[in-house]
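Encoded as structure tokens, the structure appears first; notes follow it.
These figures come from a predicted structure and were not determined experimentally. Naming convention: chains lettered A, B, ... in sequence-line order (proteins, then strands); numbering from 1 in each chain.
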Number of protein chains: 2
Amino acid sequence: MEDRGTFDHLPHKTIARLSQYRRALLLCLSRGKSHIFSHEIATIQHITPVQVRRDLMLIGYSGTLRKGYNIKELISLIGNIIDSEEGLKVAIVGMGNLGRALINYFSGKRHKLSIIAGFDTNPDKIGNTMNGVPCYSATRMREIIEKEGIQIAIITVPAENASQTANELVAAGIKGLLNYTPKPIDVPEYVYLEEYDMITTLEKVAFYVKMKTLEEKGITTI
Amino acid sequence: MEDRGTFDHLPHKTIARLSQYRRALLLCLSRGKSHIFSHEIATIQHITPVQVRRDLMLIGYSGTLRKGYNIKELISLIGNIIDSEEGLKVAIVGMGNLGRALINYFSGKRHKLSIIAGFDTNPDKIGNTMNGVPCYSATRMREIIEKEGIQIAIITVPAENASQTANELVAAGIKGLLNYTPKPIDVPEYVYLEEYDMITTLEKVAFYVKMKTLEEKGITTI
DNA sequence: AAATAATTGTTAATAAAATAACATTGTTAT
DNA sequence: ATAACAATGTTATTTTATTAACAATTATTT
Ligand SMILES: NC(=O)c1ccc[n+]([C@@H]2O[C@H](COP(=O)([O-])OP(=O)(O)OC[C@H]3O[C@@H](n4cnc5c(N)ncnc54)[C@H](O)[C@@H]3O)[C@@H](O)[C@H]2O)c1
Ligand SMILES: NC(=O)c1ccc[n+]([C@@H]2O[C@H](COP(=O)([O-])OP(=O)(O)OC[C@H]3O[C@@H](n4cnc5c(N)ncnc54)[C@H](O)[C@@H]3O)[C@@H](O)[C@H]2O)c1
């Protein structure tokens, strides 16, 4: 029999949406709202209310018929699922434009997930602090990751250094990697990897803009 | 009968992968390679060779049995599909940390897609040029978008200004939007929208790291 | 010349995700 | 009271995406 507290078969897409729901819920809470309907969440996220209810069904949360979902309760439940009880520590490697943008943005946003170290090879950056995050020499990566028990790393070094950096991080015991360089990296199967490239997203936008334009012109063949 | 040159039913995921294939192919080309096998592309992209061949089948490209795919030809075909013949112009709104990181990264990478204008409200930034991209006052958005025929915009303003910025961009005639603020925006159906939030990605990584850890400990219930 | 191996291209099967359908339950209006 | 309504929760269906299976082709080896 399926246990209500077993969350390891949740669809990947549901995990991503739960994170987004929480973001929206936190915003609503801060505006003094206490309850929310599935169609309200749906509108914010550009999805259907059924999708929302299905996701919430999968995590075993029930709302009330006329008031909808209790925002605080739901935030807390999503936290139980996504967050690690003890919290997870994150490092960012490459304190350049992108690394700084991410640190600025993320700092203090989630208390169970915090960027606690940055690494760089540029002597001018080593020793500085960025939004409370100290920048260490990249040569100390392994030492500090082990000492602090850092489990997740974000890679924002120049593309040509991506794979070497990834190898060092894996050797240091990292369990999850988020690679923002345009160079796909290889990791052993026990490391969870996500990669993101803005050019892919932008080209996707461009493709659909092109398609809409051709459609308007009545052209259906390239 | 289905025309070989009709690309409007390609799966969304295939579009994203084509962009990634091209990125990998360009790299291989620059290293002097002329042909590539499906399993080589697959290894780079962390997918299966079958997936690659299926995608290429969908776009109607054939390789040769013992040499694989002709890299130049394939790059060119992917270009025919993704790129607009005349090229598309892109604007970036909000020339802060993230905006600058994206401009730096993207500049000159794709010749059929170019960021040609930035907008900001900060007088210190207006009038400057960043990597060849001029920064205009946000009050001139509509004027310049119309004059230049800009069709795509990237939003990197503070979250509280996201929806107003989006509205102005839509009013100015933008056809595609890429929203990097954590505030989901609403657009009419004729505008293609993509949103990306790094926190969602990072939380997904955190969730799977947590799961792997619990698994190792033999815990299957939270 | 035959067997083997490596590769492509395509169809078939499976899996994952989204959507639709609908029963259920309170609430409000008549 | 009863009907109409507006929600939730769940099952069934459909759609989308991935993976498997395999025939066809050509180079290489025996
Ligand atoms: N995914 C995206 O959407 C996206 C967007 C922008 C940039 N990028 C990529 O992100 C990376 C960083 O971009 P950026 O604009 O911040 O570049 P940047 O040059 O400003 O920053 C790179 C930093 O990494 C440091 N560095 C170099 N080698 C290192 C090493 N081995 N270990 C640690 N630090 C090292 C450099 O000193 C520098 O501070 C690039 O690969 C770029 O292509 C990706
Ligand atoms: N999606 C992600 O992964 C991600 C990562 C980092 C930051 N962000 C978000 O991106 C946005 C920008 O982050 P940042 O670190 O660059 O912030 P920033 O403060 O450095 O930059 C914002 C810029 O926008 C300008 N601006 C303000 N109002 C404007 C308006 N109405 N029109 C035009 N320009 C305007 C400001 O003058 C500033 O230059 C924020 O919303 C942040 O939350 C998202």
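No option in B:Arg23, B:Lys109, B:Arg17 other than B:Arg23 meets the salt bridge (Lys or Arg N to Asp or Glu O under 4.0 Å) test with A:Asp197.
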Exercise. When every nucleotide of nucleotides 13-18 of chain D is labelled 5' to 3' by its protein contacts under 4.0 Å (heavy atoms), B for base, S for sugar-phosphate only, - for none, what sequence of letters results?
Worked result: ----SS

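Comparing A:Arg53 and B:Arg66, the nucleotide of DNA chain C nearest to each residue sits closer to the 5' end for B:Arg66.
To the nearest angstrom, C1' of D:dA7 lies 9 Å from OH of A:Tyr69. What separates OH of A:Tyr61 from P of D:dT8 is a distance of 11 Å, to the nearest Å. Atom CZ in B:Phe37 sits roughly 11 Å away from atom P in C:dA6 (whole-Å rounding). Atom-to-atom, CD1 of B:Ile59 to P of C:dG9 comes out at 11 Å; the value is rounded to the nearest Å. Rounded to whole angstrom, the span from the NE2 atom of A:His35 across to the P atom of C:dT27 amounts to 13 Å. In this structure, A:His9 atom NE2 and C:dA15 atom C1' are separated by 14 Å, rounded to whole Å. Distance, A:His39 NE2 to D:dG9 C1': 16 Å, rounded to whole Å. The distance between atom NZ of A:Lys67 and atom P of C:dT27, rounded to the nearest whole Å, is 10 Å.
Ion pairing of A:Asp83 with A:Arg22 is present here, as a side-chain N (NZ or NE/NH1/NH2) and a carboxylate O approach within less than 4.0 Å.
At a threshold of 4.5 Å between non-hydrogen side-chain atoms, the residues A:Tyr190 and A:Val170 count as touching.
In this structure, of D:dG9, C:dG26, C:dT19, it is C:dG26 that holds the atom nearest to the side chain of A:Leu65. Side-chain atoms of A:Ser62 lie closest to D:dG9 of the nucleotides D:dT8, C:dT7, D:dG9.
Rounded to the nearest 0.5 Å, atoms CG (A:Leu88) and CD1 (A:Ile116) are 11.0 Å apart.
Residues satisfying the salt bridge (Lys or Arg N to Asp or Glu O under 4.0 Å) criterion with B:Lys33, sequence neighbours excluded, are B:Glu40.
Ring pair B:Tyr196/A:Tyr196 is parallel by interplanar angle, where below 30° counts as parallel and above 60° as perpendicular.
A donor-acceptor pair under 3.5 Å is formed between the side chain of A:Thr156 and the backbone N or O of A:Val93.
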